[in-house]
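Below is one structure, written out as structure tokens; comments come after it.
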Amino acid sequence: MNMKTDENTNSGLIDEIERQTRDRVDAIKNQAKTQAEQIILEAKKQAEEIIKTEKEKIQRLLEVMKQNAEIALKLETRKMYLELKKKFADSVIEKVRQSASSLRDDPKEYRTFLKKAVIEGIIVVDSTQIIVKFSPKDKIFFDDEMKKEIEETFKKESKKNVSVSFVEGDFQDVGVIVCSADGFIVYENTFSARLKRMYETIYSELLSEEING
């Protein structure tokens, strides 16, 4: 083998090595490109999932905020509604309060009112021995005749006997205070007490309507 043949052989080997090297580099580049594209694709998918999840979270948050706003509005509306009802109840009671001073203007009617107030108290106290306390302003009404009428009326209506005693009280209010003889049971049937019970009844009914409505 001469020198020229050796040179050609060496040149061919170099060319082959260079070709294989280029092919290997190209293969690595292609592989890297494919891997990069796969990474980008996966990243896009992950990003889309994150965006979707966050959008759902925001949507749920907005829904909760909306519900909370609606609840707050309903509570505020209900509060205003109850305040208006309370004002109405107060106005009704005030009108009744203003009429109290006129009860004594008609002695006949007022006497009938006092008699009914005493009998109502006797029924509540439910005792055979009753003490009736009255205002000094009403002393004129509480005589033997009133005592007899009350005892007879109560017996007629309840078929029970009762003994009534009158005692002057230390209040100026319209009405009476009925007690058992031992003082353990007291039923205040003055105008103020009746008014308070009326207010509680009116206001309770208004609240009941609101709750049931």
Side-chain angles (χ1 to χ4, degrees), residues 74-213:
K74 287 180 180 178
L75 289 174
E76 185 63 26
T77 302
R78 184 176 183 274
K79 179 181 177 182
M80 292 175 61
Y81 187 53
L82 289 176
E83 287 177 354
L84 288 174
K85 284 194 169 189
K86 185 177 184 299
K87 287 182 180 179
F88 170 73
D90 290 340
S91 68
V92 171
I93 297 301
E94 184 56 32
K95 287 179 180 178
V96 176
R97 190 191 304 277
Q98 291 171 3
S99 68
S101 59
S102 64
L103 287 175
R104 289 189 173 106
D105 294 344
D106 187 336
K108 185 178 179 181
E109 288 296 324
Y110 185 52
R111 187 178 189 280
T112 300
F113 166 78
L114 290 172
K115 178 181 172 181
K116 289 181 178 178
V118 171
I119 292 175
E120 181 181 319
I122 294 172
I123 293 172
V124 173
V125 173
D126 191 22
S127 176
T128 58
Q129 300 291 323
I130 294 292
I131 295 175
V132 177
K133 295 181 181 180
F134 58 86
S135 168
K137 291 184 177 182
D138 300 331
K139 185 175 181 179
I140 188 174
F141 297 106
F142 292 91
D143 50 21
D144 291 339
E145 186 179 351
M146 174 72 96
K147 169 181 167 69
K148 182 179 178 182
E149 286 181 21
I150 290 172
E151 290 176 348
E152 289 179 351
T153 301
F154 181 76
K155 183 177 181 180
K156 182 179 179 181
E157 293 178 355
S158 67
K159 311 301 180 185
K160 296 179 181 179
N161 291 316
V162 66
S163 177
V164 177
S165 299
F166 297 142
V167 176
E168 186 174 316
D170 58 356
F171 59 92
Q172 303 298 315
D173 202 358
V174 168
V176 295
I177 298 175
V178 182
C179 316
S180 59
D182 56 17
F184 286 152
I185 304 175
V186 178
Y187 181 67
E188 188 173 347
N189 211 9
T190 60
F191 185 83
S192 296
R194 292 168 72 94
L195 199 60
K196 182 179 179 181
R197 290 193 291 271
M198 180 189 237
Y199 179 86
E200 290 174 348
T201 299
I202 291 174
Y203 198 49
S204 293
E205 287 178 354
L206 290 175
L207 284 175
S208 178
E209 289 176 7
E210 171 64 14
I211 292 170
N212 294 331

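The first residue of the sequence shown is numbered 1, and numbering continues consecutively from there.
Between R111 and E149 the shortest side-chain heavy-atom distance falls below 4.5 Å. Considering only heavy atoms from C-beta on, R194 stays 4.5 Å or farther from E188 through its side chain. Under the 4.5 Å side-chain criterion, counting only non-hydrogen atoms from C-beta, K139 is in contact with E168. Proximity of I177 to T190: side-chain heavy atoms (C-beta onward) are separated by under 4.5 Å at one or more points. The side-chain heavy atoms of F154 and V164, taken from C-beta on, include no pair separated by under 4.5 Å.
Around CG of D144, the count of heavy atoms belonging to other residues, nucleotides or ligands within 6.0 Å does not exceed 12.
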Atom pairs and distances, side-chain donor-acceptor, residues 122-135, under 3.5 Å, sequence neighbours left out:
from: S127; atom 1: OG; to: Q129; atom 2: N; distance (Å): 3.4
from: S127; atom 1: OG; to: Q129; atom 2: O; distance (Å): 3.3
from: S135; atom 1: OG; to: K137; atom 2: N; distance (Å): 3.2
from: S135; atom 1: OG; to: F171; atom 2: O; distance (Å): 3.0

Please table the atom pairs, donor to acceptor, closer than 3.5 Å between any side-chain atom in residues 112-119 and protein atoms at least two apart or in another chain.
from: T112; atom 1: OG1; to: K108; atom 2: O; distance (Å): 3.2
from: K115; atom 1: NZ; to: T153; atom 2: OG1; distance (Å): 3.3

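Applying the ring pair (Phe, Tyr, Trp, His ring centres under 6.0 Å) criterion to F166, with sequence neighbours excluded, gives F142. With sequence neighbours left out, S192 forms a side chain to side chain donor-acceptor pair (under 3.5 Å) with D173. Contacts of K147 classified as side chain to side chain donor-acceptor pair (under 3.5 Å), with partners at least two apart in sequence or in another chain: E151. For D138, the salt bridge (Lys or Arg N to Asp or Glu O under 4.0 Å) partners are R104, not counting sequence neighbours.
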